[in-house]
Structure formats: structure tokens, C-alpha cells
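It should be emphasised that the depicted structure is a prediction, and the values quoted were computed from it without experimental measurement. The first residue in the sequence is number 1, and the count goes up from there.
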Amino acid sequence: MMNNWPQTRVRVRTDRIELRFPTPQDLDALADRAVEGVHAPGFMPFFSQWTDGTPQEVARRVLQRHWNAMANWTPEDWTLYLVVVHDGEVIGSQSLGARDFAATREVLLTSWLSLGRQGGGLGGHARAAALELAFTGLGAEQAFSVVRQGNEASQGVCRKFGFEHDGVQVNAVRGERVVSDRFRLGRARWAAHRTIDAHVSGVSGALAEFGAPAAARAPLTVPVVPLSSRLSGVHYAEESDQPAA
């Protein structure tokens, strides 16, 4: 734990997984999982295409992404990368990102699991834990996710947790036009679809770093299908979801 970086104390646990701020050893293990494989070679779920390249390039990108998020963190503009741990083993990543969270009260979720850990329900537990952190720990009112069309596993996870369709966006991926769906989840629908118990700890001392001291204000009202200008309030949507089922 770091006294001057209170985010390191953040933990979320379900009966199957833990989300935690990564140690250097955790990051090393996460890079190894990425090198082992995250998705089928023929389908790229990530807009940034960070899994393309040599094993050394993929591992380096994993490490640099986490370090870059720490180096550029401000309460007005942040991304929290947590590792997903199952039975003591790092198996993937879950992130929450926000811009001007004190005002917008919304977060973007991204995630990935190693190929060998997909399909067994662990990703659902990781998503439940991330939502618990967003809504209970940080006081968010909205969470959203961006999932490429054809990524049926991640699309299914969004529907399972009550996310509603919130428009589409178009990106160039591997030189081709790719359409992705946006999904949005409000606090009330999250509570109605909350079936996995999760416990958040270590957040209270870090709230100022998230721009979240005002999280106890009255809930905001956001349309089910907001304008694209509202969606642009969070700029991390260049990163899509990875199978979390």
C-alpha cells in the first residue's frame, strides 16, 4: 500500500474473484496473461488493437497502459485499472474511467480476461464487482460500456446486468470499418439486476482522487438515449469491452 496513492487500497470481492490495484508483480502476471491470449486471432474486440504484435510488444503495452494511467491521473480525468484475481492468480483486467466525475457522475467500464478463463462466469463476477465499486463505492449514477457488434459474449454480459442500448459508434479497426454498440446502466436498473454480492473496501480514503466527495448529492436525471455530446463527456471510449462471460 502507498500512503500517497490511496487508490492502492481499493479492493472489491465477490465469492469468486477479487479486484485490486495491481502490485508490480500483479502487472507482470497480467502482461503474461495478455501474451498467452485474450481473443481469437481473427476477431479484434479492441479499438486500440493493443493485442496485435510480438509477445514483447503486447506485454510492454499492458505495463505502459497502467503506468500511463497513473502518471496522468487527476481528479477531473482518470482511469482506474484493477486486476482480476481468482484463486490467487491474476486472470485479467477491469477498468473504470471518468472525466469530470464530480459533475457527470458516470463511468466507462472496460475489461478483458485471458482466453483460458473465459466462459466460466468469472467475467460476470468481475463486472458485478466493478459496478459495485462504481455505484456503491464512488456514488456513480450511470455506467456505460462500448462493445463491438459481433462480440456476443460481452454483449450478453451487458444485457445480463441490465444495460440498455444507447446508440452506436464507428471506428477503424485493422483498417476496416467497425460498428460498436453503446450500453448504459443507471443506478435503479443496476439495483434491480444486482444478483452477485460484492464487498467494496479501501475507497473512503481515496474519494478525493476520484473527484467523488460530492457523490452524496441528489441523483442526476439522464435520458435513456442521451445526445452524442453528452456521451463525449468521457473520452475513454476508444477502448472496447472484451468477453467477460
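Contacts of Thr74 classified as side-chain contact (heavy atoms from CB on, under 4.5 Å), with partners at least two apart in sequence or in another chain: Glu76, Asp77.
The environment of Arg174 atom CZ is dense: over 12 non-hydrogen atoms of other residues, nucleotides or ligands sit within 6.0 angstrom.
The two residues Leu96 and Ala130 come nearest to each other via the heavy atoms CD2-O, 3.9 Å. The shortest heavy-atom contact between Glu106 and Ala98 is O-CB, 3.5 Å. Here the closest non-hydrogen pair linking Trp190 and Leu185 is N-CD1, 3.6 Å. Between Ala143 and Leu131, the closest heavy-atom pair is CB-CD2, 4.0 Å. Nearest heavy-atom pair across Pro6 and Glu209 is CG-CG, 3.8 Å. Considering every non-hydrogen atom in both Leu82 and Phe21, the closest pair reads CD2-N, 3.5 Å.
No side-chain donor-acceptor contact under 3.5 Å links Asn151 to the backbone of Val147. Side chain of Arg105 to main chain of Gly139: a donor-acceptor pair is present (N/O by atom type, distance under 3.5 Å, no hydrogens or angles). Between the side chain of Trp112 and the backbone N or O of Ser93 there is no donor-acceptor pair closer than 3.5 Å. Side chain of Ser114 to main chain of Val38: no donor-acceptor pair is present (N/O by atom type, distance under 3.5 Å, no hydrogens or angles). Judged by distance alone, the side chain of Asp26 and the main-chain N or O of Thr23 form a donor-acceptor pair under 3.5 Å. A donor-acceptor pair under 3.5 Å is absent between the side-chain atoms of Glu141 and the main chain of Gly186, judged by distance alone.
In summary, Glu18 and Arg20 engage in a salt bridge, as defined by a charged side-chain N under 4.0 Å from a carboxylate O. Ion pairing between a basic and an acidic side chain is recognised when a charged N comes within 4.0 Å of a carboxylate O; Arg184 and Asp166 show such pairing. Between Arg33 and Glu36 there is a salt bridge, with a side-chain nitrogen of the basic residue lying less than 4.0 Å from a carboxylate oxygen of the acidic one.
Checking Asn3 against Arg9 by side-chain atom types alone, a donor-acceptor pair falls below 3.5 Å. Under 3.5 Å, the side chains of Thr79 and Ser95 contain no donor-acceptor pair of N or O atoms.
Put simply, the side chain of Arg13 does not reach to within 4.5 Å of the side chain of Leu19, judged on heavy atoms. Using a 4.5 Å cut-off on side-chain heavy atoms (C-beta onward), Asp181 and Gln149 make contact. Looking at heavy atoms from C-beta onward, Val84 lies out of side-chain contact with Val90 at the 4.5 angstrom threshold. Two residues are said to be in side-chain contact when any heavy atoms from C-beta on lie closer than 4.5 Å; His125 and Asp15 meet this criterion. The shortest side-chain heavy-atom distance between Phe210 and Trp78 falls under the 4.5 Å cut-off. Taking 4.5 Å as the limit, some side-chain heavy atom of Arg117 sits within range of a side-chain heavy atom of Glu89. In this structure the side chain of Leu80 reaches within 4.5 angstrom of the side chain of Leu133, judged on heavy atoms. Counting heavy atoms from C-beta on, the side chains of Leu109 and Arg127 come closer than 4.5 Å.
Ring centers of Tyr81 and His66: under 6.0 Å apart, within the cut-off.
Here Val170 is tied into one hydrophobic group with Val168, Val179, each link being a pair of ILVMFWY side chains closer than 4.5 Å.
A distance of 16.0 Å separates CZ of Arg65 from CE of Met70, quoted to the nearest 0.5 Å. The structure places CG of Asp28 at 6.5 Å from CG of Leu63, a figure rounded to the nearest 0.5 Å. Here the CZ atom belonging to Arg182 is positioned 12.5 Å from the SG atom belonging to Cys158, to the nearest 0.5 angstrom. With rounding to the nearest 0.5 Å, the separation of OG in Ser145 from CZ in Phe161 is 11.5 Å. Distance CZ/Arg187 to CZ/Phe135: 6.5 Å, rounded to 0.5 Å. Residue His86 holds its NE2 atom at 6.5 Å from CD1 of Ile91, rounded to the nearest 0.5 Å.
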Practice problem: Kindly determine whether Leu138 and Leu207 satisfy side-chain contact (heavy atoms from CB on, under 4.5 Å), including the steps that lead there. | Solution: CA-CA 7 Å; Leu138 300 179; Leu207 287 176; 4.1 Å; yes
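Under a hydrophobic-cluster definition in which Ile, Leu, Val, Met, Phe, Trp and Tyr are linked whenever side-chain heavy atoms come within less than 4.5 Å, directly or via other members, Met2 and Trp73 are assigned to the same cluster.
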